[in-house]
Amino acid sequence: MKIELGDVAALARGCAVLGTGGGGDVRTGALAAKRAIQEYGAVPLVRLADLPGDALVVPLSGIGAPTVSHEMIPGEREPERIAEEVERLFGRPPGAVMSSEIGGANGVAPVAWAARLRLPLLDADGMGRAFPEVQMVSMYVAGLPADLVIMSDVAGNVVTIRPVDGLWSERLARAVCVAAGSHALMADYVLTAEQAGGAVIEGTVTRALAVGRATEGTAEPLEALRRELGAARLITGKLADVERRTTGGFVRGTATIEGIGDDRGRTLTLELQNENLVAVEDGRFRAMVPDLITVVDTETAIAVQTEGLRYGQRVTVLAWPCDPLWRTPKGLETAGPRAFGYDLDYVPVENLTEAPADGPVGVAGE
């Protein structure tokens, strides 16, 4: 299979939904992907089984605050500089590109990076969604050493970091990112195809394509998307208040949705750190990380990233279960509520809502 020019729009729509508000604005990534395909041709989409065991897989992602990446357009040489550094360090060139996170621009932009490097794109990623911190990837949960991070910025700087563990990889990479203007391209967990088996989440590129295509040609795009995701509808309403700030390389804040129609009289609050982390209504949790929470336009079912939230928008909030990897003890330690500073135990979204989420709300455990 190859990702052709006509696939980019659907991929971008799907990545925006899986981004849970983060991962960067897909419009920039989609434009880069289309331009690269026009210049270099369609990008082969391969499975792990298609690669030799010793082939180097390079996970790539933009790191930084989505609000900054929306305004500061990245250059085209960053992936080439990273590939050159990989070859210098390992003595052989990369064999494939992988998205570190399938959500947002970080899900669709790897098409452009793979095209420019004349490499296939692996049908996998390290999250199955988007997360804000470097160590919040499946490779870390699987126990692979986080001993190499390579970063390149629009100014042409290349930084190689040898952290002692995943938490230090986040601290050091974030510091470099802030110095670069709060946006850079990053490769972390460079690994062989053999090492990637069981350490990455496979099939996520084709999953994003399916999500993006679910709303095509339907009179009820919101319901079609909800069914494709197996999602609960938390609320339909309008944005009543949005508070955002960019600090430490992240976007943090809250968004408040007041219900309309059948949901009139209800209010849902989302707390953000690049992505939508928790949804709260009347002091009760409706959904929480690592489950996915996405805001979509009620009429079109197009996802709205956190940097695109505006007062008065008519939106619907959807939530659905994460990949099972994130519900393991190590997964919850890495990206559960407590990893983001919430003093609460994780409760699966299906225990907090009734699919299709039009019934009564559950109460989070103490």
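The shown structure was predicted, so the numbers you read here are calculated from the model rather than taken from an experiment.
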Review point. Charged N to carboxylate O below 4.0 Å: is that the case for Asp297 and Arg314?
Key: no
Review point. So does Arg266 pair up with Glu281, basic N to acidic O under 4.0 Å?
Key: yes
Check your understanding: When Arg116 is tested against each of Glu39, Glu80, Glu78 for salt bridge (Lys or Arg N to Asp or Glu O under 4.0 Å), which residue passes?
Key -> Glu39
Exercise for review: Mark yes or no: Arg129 above the aromatic ring of Phe131, with NZ or CZ under 6.0 Å from the six-membered ring centre and no more than 45 degrees from the axis.
Suggested key: yes
Point to revise | Main-chain N/O of Val289 paired to Glu275 side chain as donor or acceptor, under 3.5 Å | key: no
Exercise for review: Decide, yes or no, whether a salt bridge links Arg213 with Glu216 under the criterion of side-chain N to carboxylate O below 4.0 Å.
Suggested key: no
Check your understanding: Would a distance-only check, ignoring hydrogens and angles, find a side-chain to backbone donor-acceptor pair under 3.5 Å from Asn274 to Gly22?
Key -> no
Practice item. Look at Glu258 together with Arg264 and state whether they make a salt bridge at an N to O cut-off of under 4.0 Å. Key: no
Review point. Is there a donor-acceptor pair closer than 3.5 Å between any side-chain N or O of Asp50 and the backbone N or O of Arg47?
Key: yes
Review point. Where the side chain of Arg310 meets the backbone of Glu307, is there a donor-acceptor pair that is under 3.5 Å apart?
Key: yes
Review point. Between Asp7 and Lys2, does at least one N-O distance fall below 4.0 Å, as a salt bridge requires?
Key: no
Point to revise | The single option from Ile150, Leu60, Val134, Asp153 passing side-chain contact (heavy atoms from CB on, under 4.5 Å) against Met186 | key: Val134
Exercise for review: Spell out, as yes or no, whether a donor-acceptor pair under 3.5 Å connects the side chain of Glu87 to the backbone of Glu84.
Suggested key: no
Check your understanding: Judged by atom type as modelled, is there a donor-acceptor pair below 3.5 Å linking the side chain of Thr218 to the main-chain atoms of Thr215?
Key -> no
Practice item. Establish, yes or no, whether a centroid distance under 6.0 Å links the rings of Tyr346 and Trp326. Key: no
Point to revise | Common cluster, Ile302/Val296, ILVMFWY with side-chain heavy-atom separation under 4.5 Å | key: no
Exercise for review: Please say which of Thr294, Asp263, Thr236 ends up in a side-chain hydrogen bond (donor to acceptor under 3.5 Å, both in side chains) with Thr316.
Suggested key: Thr236
Check your understanding: Are any of the side-chain nitrogens in Arg207 or Asp323 under 4.0 Å away from the carboxylate oxygens of its partner?
Key -> no
Review point. Say you draw a straight line from OG1 of Thr353 to CZ of Phe285; how long is it, rounded to the nearest 0.5 Å?
Key: 14.5 Å
Exercise for review: Could you tell me whether Phe90 atom CZ has more than 12 heavy atoms of other residues or ligands within 6.0 Å of it?
Suggested key: yes
Exercise for review: Answer whether the closest heavy-atom distance between the side chains of Met127 and Ile102 falls below 4.5 Å.
Suggested key: no
Practice item. Give a yes or no on whether a salt bridge exists between Arg226 and Glu223, defined as a side-chain N under 4.0 angstrom from a carboxylate O. Key: yes
Practice item. Give a yes or no on whether Tyr311 and Val304 share a hydrophobic cluster (residues Ile, Leu, Val, Met, Phe, Trp, Tyr; joining criterion: side-chain heavy atoms under 4.5 Å apart). Key: no
Point to revise | Any donor-acceptor pair under 3.5 Å from Asp282 side chain to Arg284 backbone | key: no
